[in-house]
There are 2 protein chains.
Amino acid sequence: MSLRHGLLGLLAEGPASGYDLTQRFEKVVGPVWPAKHPQIYAELGRLATEGLIRVESEGPRGRKAYEITDAGLAEVRRWLVDTDPAQALRFEPLLRSFFFWLMEPDELAAHLDRESASYRQLATTYREYADAKDRGDFGFSPQTQSLRVAVEAGARIYTALAEWAQWAAERSRSPAAGRTGED
Amino acid sequence: MSLRHGLLGLLAEGPASGYDLTQRFEKVVGPVWPAKHPQIYAELGRLATEGLIRVESEGPRGRKAYEITDAGLAEVRRWLVDTDPAQALRFEPLLRSFFFWLMEPDELAAHLDRESASYRQLATTYREYADAKDRGDFGFSPQTQSLRVAVEAGARIYTALAEWAQWAAERSRSPAAGRTGED
DNA sequence: ACGGGCATGTAAGCGGTTACATGATTCG
DNA sequence: CGAATCATGTAACCGCTTACATGCCCGT
């Protein structure tokens with residue numbers, strides 16, 4: 001039940017339509033919590049009938065902007081404060097790592113090099129974004145400060161993954177059984 | 001479609017029953033790819049009818065051990081070598097971080113302290129496991145070497161998250177707008 | 001006028017969880 | 001003999017994705 005709280009959280013920043021929220025999910029929260037438009041529209045419907053959000057205005061081409069209600073704001077706060085986060089990190093590349101022994105060492109090294117490069121790329125993107133925020137490019141609203149913290153997590157995680165993949169690539173290239181005192 | 005390849009990968013180590021595989025998922029691969037028994041039994045059924053695995057032996061209490069076929073081994077190798085990993089990292093705690101601005105600074109700091117402690121705990125658990133493997137406690141089979149690499153990823157990611165949460169906690173405690181030259 | 005993006009939805013199907021159900025075997 | 005654990009499955013439901021479907025508005 002995280003999507004509903006994600007939507008409530010975004011609506012806490014101000015009114016938005018299903019379309020707007022779909023864009024936000026695609027661009028900003030997508031990397032940690034993907035959501036496509038059919039699911040978003042469906043959930044908005046449910047949230048509205050439960051009174052956690054309401055239609056704030058209707059615009060051109062049937063656009064409906066929703067705003068969060070007091071009940072909705074209370075609910076997202078309750079979620080943040082009273083429930084503790086589900087500790088599962090679903091990540092396919094790490095599932096694969098359990099089965100690396102099924103690959104030839106050279107295939108594996110090549111795979112890990114590519115992987116490392118792509119993590120490194122993500123890490124620099126997040127790092128640049130963080131720097132831009134620190135320069136004040138997006139202002140210093142509370143929301144922006146939270147985004148700054150989220151971006152920092154992205155930068156750190158992908159840095160760690162890039163280094164891990166590189167470490168693993170070197171390990172897979174080094175003669176099979178030399179296992180003491182590397183890294 | 002990652003569960004099927006996870007099952008094939010585990011079966012590549014040797015024959016196992018649905019029950020065995022459920023235990024393995026719960027204990028070892030669960031943290032990156034959770035799977036409950038009904039899903040596993042269902043998938044094993046499908047894999048068997050597709051000829052990627054076959055019943056190897058039947059034991060007490062209706063136990064059925066499956067073994068991987070040549071086709072199955074080819075399929076898991078194909079997955080590892082030819083397809084590139086789905087780059088989405090589904091992680092609720094990071095979704096929450098987008099909405100930290102909805103929490104009171106002291107609530108937030110307390111939340112992050114707890115979070116940091118639990119990541120640190122996970123990191124040390126993985127690190128100890130890694131050390132045990134390096135000491136040779138589990139032998140040096142290729143499978144064990146892969147597990148070693150997977151565990152390293154866990155240790156690094158949770159270390160990064162622990163440091164991130166601590167950084168964020170300090171940031172949330174420090175007077176609202178002091179934003180240059182910390183960390 | 002028309003193409004692209006805005007905007008909302010429905011339907012079918014897969015992936016995954018929870019609850020229900022059953023029975024065999026082993027160990028103390 | 002009873003409890004724990006081994007062992008397999010079914011049914012209902014929810015979460016999520018993919019494909020289908022429709023139409024409006026704005027800019028060139």
Side-chain angles (χ1 to χ4, degrees), chain A residues 1-8 10-11 15-27 29-50 53-67 79 83 86-92 95, chain B residues 1-8 10-11 15-27 29-50 53-66 79 83 85-92 95:
Chain A
M1 280 292 224
S2 294
L3 174 65
R4 62 173 17 208
H5 296 108
L7 291 171
L8 288 172
L10 289 178
L11 285 170
S17 69
Y19 190 84
D20 297 338
L21 294 164
T22 302
Q23 310 295 99
R24 299 286 302 278
F25 261 86
E26 206 170 281
K27 284 175 193 148
V29 315
V32 295
W33 207 268
K36 306 292 166 72
H37 83 265
Q39 202 190 349
I40 290 172
Y41 285 113
E43 192 63 46
L44 286 173
R46 270 175 246 131
L47 287 167
T49 55
E50 290 172 39
I53 62 176
R54 86 170 69 84
V55 175
E56 177 248 14
S57 70
E58 311 214 5
R61 315 158 247 228
R63 176 191 167 92
K64 275 185 290 183
Y66 292 93
E67 75 184 338
W79 173 68
T83 70
Q87 281 290 30
L89 164 80
R90 206 174 260 258
F91 193 47
E92 212 209 74
L95 174 65
Chain B
M1 280 292 226
S2 293
L3 174 64
R4 62 173 16 208
H5 296 108
L7 292 170
L8 288 171
L10 289 178
L11 285 170
S17 69
Y19 189 84
D20 298 337
L21 294 164
T22 302
Q23 309 298 97
R24 300 286 302 276
F25 261 87
E26 206 170 281
K27 284 175 194 148
V29 315
V32 295
W33 206 269
K36 306 292 167 74
H37 83 266
Q39 202 189 352
I40 289 172
Y41 284 113
E43 191 64 46
L44 286 173
R46 270 175 246 130
L47 287 167
T49 56
E50 291 172 40
I53 62 177
R54 87 169 69 84
V55 176
E56 178 247 15
S57 69
E58 311 213 4
R61 313 158 249 233
R63 176 192 167 92
K64 277 185 289 181
Y66 292 93
W79 174 66
T83 69
Q87 281 290 37
L89 164 79
R90 205 174 263 259
F91 194 46
E92 213 210 73
L95 175 64

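First the proteins, then the strands, lettered A, B, ... as listed; each starts at 1.
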Return the value, rounded to whole Å, for the distance between atom [atom1] of [X] and atom [atom2] of [N].
X	N	atom1	atom2	answer
B:E58	C:dT25	CD	P	13 Å
B:L7	C:dG16	CG	P	11 Å
B:L3	D:dC16	CG	C1'	16 Å
A:E43	D:dC14	CD	C1'	11 Å
A:L44	C:dT8	CG	P	9 Å
B:K27	D:dT5	NZ	P	11 Å
B:Q39	D:dG9	CD	P	16 Å
A:H37	D:dA21	NE2	P	14 Å

Reckon [X] has a side-chain N or O less than 4.0 Å from the OP1 or OP2 of [N]?
X	N	answer
A:Y19	C:dT8	no
A:Y41	C:dG9	no
B:K36	C:dT18	yes

Measuring only between side-chain heavy atoms, which start at C-beta, is [X] closer than 4.5 Å to [Y]?
X	Y	answer
B:S2	B:W33	yes
A:D20	A:L10	no
B:L7	B:I53	no

*Is the shortest distance from a Lys or Arg side-chain nitrogen in B:E50 or B:R4 to a carboxylate oxygen in the other one below 4.0 Å?*
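Yes.
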*Using 4.0 Å as the upper bound for N to carboxylate O, is an ion pair formed by B:R63 and B:E58?*
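B:R63 and B:E58: not salt-bridged.
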_Let me spell it out: for each of B:P38 and B:R90, pick the nucleotide of DNA chain D with the closest heavy atom. Which residue's pick is nearer the 5' end?_
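Its nearest nucleotide lies further toward 5', so the answer is B:P38.
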*Nearest-nucleotide wise, let me know which of A:A35 and A:R61 is further upstream toward the 5' end of DNA chain D.*
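Here A:A35 is the residue nearer the 5' end.
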*Describe the nucleic acid contact of B:R4 in one word from base, sugar-phosphate, nothing, applying a heavy-atom distance below 4.0 Å.*
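Touches nothing.
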*Across the strands shown, which category fits B:T22 at heavy-atom distances under 4.0 angstrom: base, sugar-phosphate, nothing?*
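Here B:T22 touches no strand at all.
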